[in-house]
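Every chain is numbered from 1, with letters handed out A, B, ... down the list of sequences. Every heavy atom of this structure was used, including side-chain atoms; hydrogens, water molecules and symmetry mates were not.
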Amino acid sequence: MSRLDTKFGKKLKKYGATEFNRCYNCGTCTAVCSLTNSEDSFPRSMVRLSAAGDQNGIESSLKPWLCYYCGECSTSCPQTANPGELMMSLRRWLTGRYDWTGLSGLFYRSSLVTIIAMVLVFAGVIGYAAYESFDMERIMHTAHYFEMFAIMGVFAVILLPNIVRMWYLTVIKPGYKLPVKVYASSMSELFIHMFTQKRALGCDDNQARWFAHLILVIGYLTLLFTTVFLDWFSTESMFVVVLGYVVSAIVFAVTFVFVLGRIKQKQEIAKHSRPSDWFFIIWLLLMGITAFAVRLFIDLDLLAGNLWLFLFHFTILAQWALIIVPFGKWTHFLYRSFAMYFDKLQKSK
Amino acid sequence: MKKKLGVYICACGGNISDYVDIEKVREAVKDEDCLVLAKTTMFACGDTNQKDMEQDIKENDLSGIVVASCSPKLHLTTFRGVSERAGLNKYNYVHANIREQGSWAHSDNKVGATEKAINLVKAAIAKARLAESLEPIIIESKRSVAVIGAGVAGMKAAISLARMKDEVYLIEREGKVGGHLSALEKISPEGTDGRELLARLEKEIAAEPNITLLTNAEVTGTSGNIGDFKVDVTIKGSQGEMVKQFVAGSILVATGFNSYTPAEGEFGYSNIKSVITLPEFKALISEGGKADADGTMRLYYNNREVQSIAYIYCVGSRQVKGENKYCSRYCCTAAIQSSLDVREKFPNVDNFHFTRGVRTYGKQELIYKESNDKGDVYIQFPDKKPPVVSEENGKVLVKAIDILSEKSESEVVADLLVLVTGMVPDSDTALGNLLKLPKGRDKFFNEIHPKLRPVETVIDGITIAGTCQGPKNVAESVNSALSAAAKSHSFVSLGELELEPIVAYVDNDTCNWCTACSDVCPFSAVSMIDHNGKAVAQINKSTCKGCGMCLPVCPSDSIELISFTNKEMESMIDVLAQ
Ligand SMILES: Cc1cc2nc3c(=O)[nH]c(=O)nc-3n(C[C@H](O)[C@H](O)[C@H](O)COP(=O)(O)OP(=O)(O)OC[C@H]3O[C@@H](n4cnc5c(N)ncnc54)[C@H](O)[C@@H]3O)c2cc1C
Ligand code: SF4
Ligand code: SF4
Ligand code: SF4
Ligand code: SF4
Ligand code: SF4
């Protein structure tokens with residue numbers, strides 16, 4: 001029994017879903033979706049739960065994560081109810097729901113708060129640099145360790161608890177009692193999807209986008225690895241230096257293509273960019289560009305006279321690590337993979 | 001003088017000739033007495049054949065024809081037309097149905113089918129030998145129409161008739177005109193104000209000198225027939241009742257509908273205070289608002305603020321168990337319109353609609369979309385499992401199965417539950433009984449044919465319009481009113497009418513007024529008259545439909561039906577019995 005409620009629908013509007021109330025349940029969207037199947041029927045069912053305000057039904061569902069936003073449903077909807085964007089908005093809302101700090105939801109609902117947070121981080125970086133009397137050596141050293149600790153800290157304090165919450169809402173609360181063996185044997189699902197996003201290939205005409213996405217993920221992770229563990233900015237190894245150049249170039253090239261797509265708005269998915277989407281993609285682009293530029297300036301012996309460039313890179317890095325990764329769109333990468341894992345768990349019953 | 005007959009046997013493009021050997025039929029009948037020609041044809045109704053027939057009739061000076069083809073329901077008028085064009089009185093044409101009663105019925109037995117066709121054609125020839133020329137009955141028609149019921153349908157019909165220069169008596173039972181229109185603040189889909197519309201129609205009626213408006217008036221007696229209905233109207237006034245009589249050439253009935261009243265306990269009606277019907281809700285929207293200190297309007301019912309409203313659709317319509325199987329057509333739209341109105345007036349209200357599938361057809365779809373856009377929630381419950389209603393702390397708890405959600409049970413706690421009640425026929429059946437108007441299974445008045453004769457009734461001269469015929473919205477009511485007005489006008493505009501001469505008549509010498517015929521006549525065509533000091537039956541030519549019901553019941557065999565006389569029928573039976 002679920003109690004009908006219009007408040008949830010109104011709340012969802014702040015997460016980007018503004019048109020789903022128009023749905024008259026024809027089911028066209030579900031019929032055209034290439035990722036849905038009889039076991040997991042969507043997106044109409046999710047539009048329905050949203051209209052009825054069934055918050056419990058939505059938070060226990062993994063379906064929003066099973067959609068890879070090809071946008072076919074939205075182009076086919078006779079009521080222009082935009083079910084694809086509804087699915088996206090549900091992912092945003094769920095991200096907020098999983099997040100124990102409540103900051104995710106706050107950032108999604110308000111760009112102003114996001115901008116304030118960004119400015120605060122910027123002020124922190126500049127404040128710290130001033131504290132070190134703008135000593136390049138020390139700042140670079142700190143930046144390196146900051147990156148390392150930020151990743152671990154964010155993971156331990158924010159992401160891990162959030163994943164546990166997601167597990168609780170989707171597996172434990174709905175009453176799935178599973179032996180440890182099942183948890184272990186389903187593990188492979190998690191990693192396959194985390195690194196390949198294999199499921200997105202199921203979307204019609206999506207091969208190119210999937211491939212670009214895969215390259216971006218590999219590029220991003222390698223860049224992270226190169227800067228954090230191979231210490232790209234201080235290394236003497238020729239191999240590492242070149243590797244860093246290549247991957248940072250890949251990151252900014254691919255993100256540049258994505259940014260262009262969102263500006264041109266040709267594909268359905270690119271038509272409804274929210275501030276959270278812009279932050280994610282632009283910061284990724286800036287990360288690639290600034291990392292590339294920093295190493296280039298080092299190699300040309302120009303960095304010493306251009307501290308601002310490093311501070312810019314550091315700011316981008318800090319905003320990325322403290323805001324976008326724990327509370328922004330980055331988490332989708334994580335939740336999607338875990339959704340596939342939990343889905344496998346649910347179905348193993 | 002001996003008749004000269006022609007026979008045409010039709011192949012119907014194989015429909016007949018594939019099973020009936022029409023050449024054999026022709027052979028078998030061609031030497032019958034009186035026959036001058038016998039032909040087969042591929043399509044009797046085809047243009048070329050019609051022309052050939054006309055030529056045959058003229059050249060051979062035929063005094064009668066027989067067409068053996070499909071059912072006379074399809075082509076009786078076609079071949080009557082052929083006869084008339086060739087200068088032959090149309091009652092000298094006799095039809096034999098050898099398709100529906102021959103080839104199609106006996107497709108498994110070709111020999112038998114052919115034999116039967118031969119007999120049917122021979123019987124028709126026997127009748128044709130005795131057939132007589134007849135002239136239509138001409139009656140005078142008074143150029144006036146009685147319009148009964150002054151809702152939107154009756155008013156529009158009256159105005160339309162008056163503008164065609166007919167004298168109109170507009171008879172309304174209540175003290176004022178307008179019917180249900182006066183209670184509609186906003187009429188969907190365009191949102192016109194019903195009271196404005198009504199004021200306009202009233203003005204137009206007042207300006208028409210041809211309309212005599214009688215309010216507080218009811219028809220209490222009628223007699224006569226098309227062209228000449230004598231109408232008694234009883235008018236209640238402050239000085240008591242008076243009866244007004246007048247003659248009308250046609251009667252147009254537009255007596256409207258009643259809103260369905262839920263039974264006690266039906267979805268909590270009359271047991272739970274906050275359960276009301278759609279018309280009651282309409283009134284509440286107009287009257288139940290109070291402004292806040294800050295100027296926001298709030299809706300109150302029984303002194304409690306209303307913030308959430310549930311609607312249950314199809315109450316009294318589309319009943320699974322009850323008798324009202326029909327859809328009332330107006331109510332989805334009217335309920336959604338009301339929910340939009342209430343939202344507009346009281347911004348902090350939430351609407352929850354429990355439907356059986358929304359039927360906002362045509363342009364009305366737009367208001368459904370608007371309602372969705374504004375965030376109204378629609379639940380669709382299964383036909384056989386209606387919502388369950390109970391009281392919870394002065395509020396109404398509505399539980400329903402939602403066939404559109406996977407987890408299908410939904411509930412809402414509402415401050416007010418609106419039962420979206422449908423249309424039922426007027427509870428006062430007196431007028432229908434008086435005019436002997438037939439009713440359909442839905443108990444609304446019935447037309448002759450829903451598609452081809454949608455506003456005429458089987459009683460000649462009486463038309464029906466608006467919701468007395470079945471559920472309609474305002475636009476549909478007006479459409480049917482204008483069409484009924486045109487039809488009624490056609491009955492009275494020429495000053496005289498031609499009627500079928502195929503009617504029954506009584507032999508005064510043998511009749512002894514046993515009343516048997518009068519008792520069975522479905523059209524009240526029989527009355528008693530004095531014939532040389534003896535009471536006998538008389539049949540009114542303009543009311544008699546020639547149905548033949550009275551013939552077999554007469555113990556003294558005193559009734560003859562023109563064109564189906566005993567002699568004619570016996571001659572046919574003789575042929576068939578040979
Ligand atoms: C709550 C509600 C909301 C509605 N909303 C809409 C809407 O938004 N849009 C829309 O298009 N339609 C709407 N309708 C439908 C609309 O009211 C009808 O279609 C229309 O009023 C029908 O007109 P009518 O003339 O056929 O019948 P009525 O309005 O019923 O008029 C019949 C008249 O005949 C009189 N009468 C009855 N019997 C006799 C008799 N024996 N002798 C003399 N007089 C007699 C009655 O007193 C009455 O005045 C709504 C109806 C209701 C109940
Ligand atoms: S296609 Fe549009 S209207 Fe149809 S079910 Fe999907 S969202 Fe609703
Ligand atoms: S966006 Fe694509 S994958 Fe997502 S629900 Fe719509 S059709 Fe399915
Ligand atoms: S119009 Fe709608 S509410 Fe009225 S009977 Fe038909 S389906 Fe039911
Ligand atoms: S033929 Fe029919 S209508 Fe005519 S008087 Fe006899 S029963 Fe009545
Ligand atoms: S049934 Fe025959 S006898 Fe009796 S009243 Fe009629 S016509 Fe006369």
Toward chain A, the part of B:Lys374 with a non-hydrogen atom under 4.5 Å: neither

Nearest-0.5 Å distance that lies between atom OH in A:Tyr24 and atom CD in B:Glu365: 6.5 Å

Under 3.5 Å: donor-acceptor pair, side chain of A:Arg22, backbone of B:Gly375: no

NZ (A:Lys347) with more than 12 external heavy atoms under 6.0 Å: yes

Nearest atoms (heavy-atom pairs only) where A:Leu4 meets B:Phe354: CD1-CZ, 3.8 Å

Validation row: A:Arg44, B:Leu404 side chains within 4.5 angstrom (heavy atoms): yes

Greater than 12 external heavy atoms within 6.0 Å of B:Lys345's NZ: yes

Exceeds 12 heavy-atom contacts within 6.0 angstrom, atom NZ of B:Lys325: yes

Crowding at NZ, B:Lys399 (>12 non-hydrogen neighbours, <6.0 Å): no

B:Asp402/A:Arg48 salt bridge by N-O under 4.0 Å criterion: yes

Pairs of heavy atoms under 4.5 Å with chain A: top-ranked of B:Asp373, B:Val398, B:Val377: B:Asp373

Contact check, side chains of B:Val413 and A:Arg3, non-hydrogen atoms, under 4.5 Å: yes

Region of B:Ile403 in contact with chain A, defined by heavy-atom distances below 4.5 Å: neither

Neighbour count >12 (heavy atoms, 6.0 Å) for atom CH2, A:Trp278: yes

Student check: side-chain heavy atoms of A:Asn21 and B:Tyr378 closer than 4.5 Å: no

Heavy-atom proximity to chain B below 4.5 Å, by part of A:Thr18: neither

B:Asp294 atom CG, neighbour heavy-atom count above 12 within 6.0 Å: yes

Chain A contact via B:Ile401 - side chain, backbone, both or neither, heavy atoms under 4.5 Å: neither

Over 12 non-hydrogen atoms of neighbours within 6.0 angstrom of OH in A:Tyr168: no

Proximity breakdown for B:Gln380 and chain A, heavy-atom pairs closer than 4.5 Å: backbone

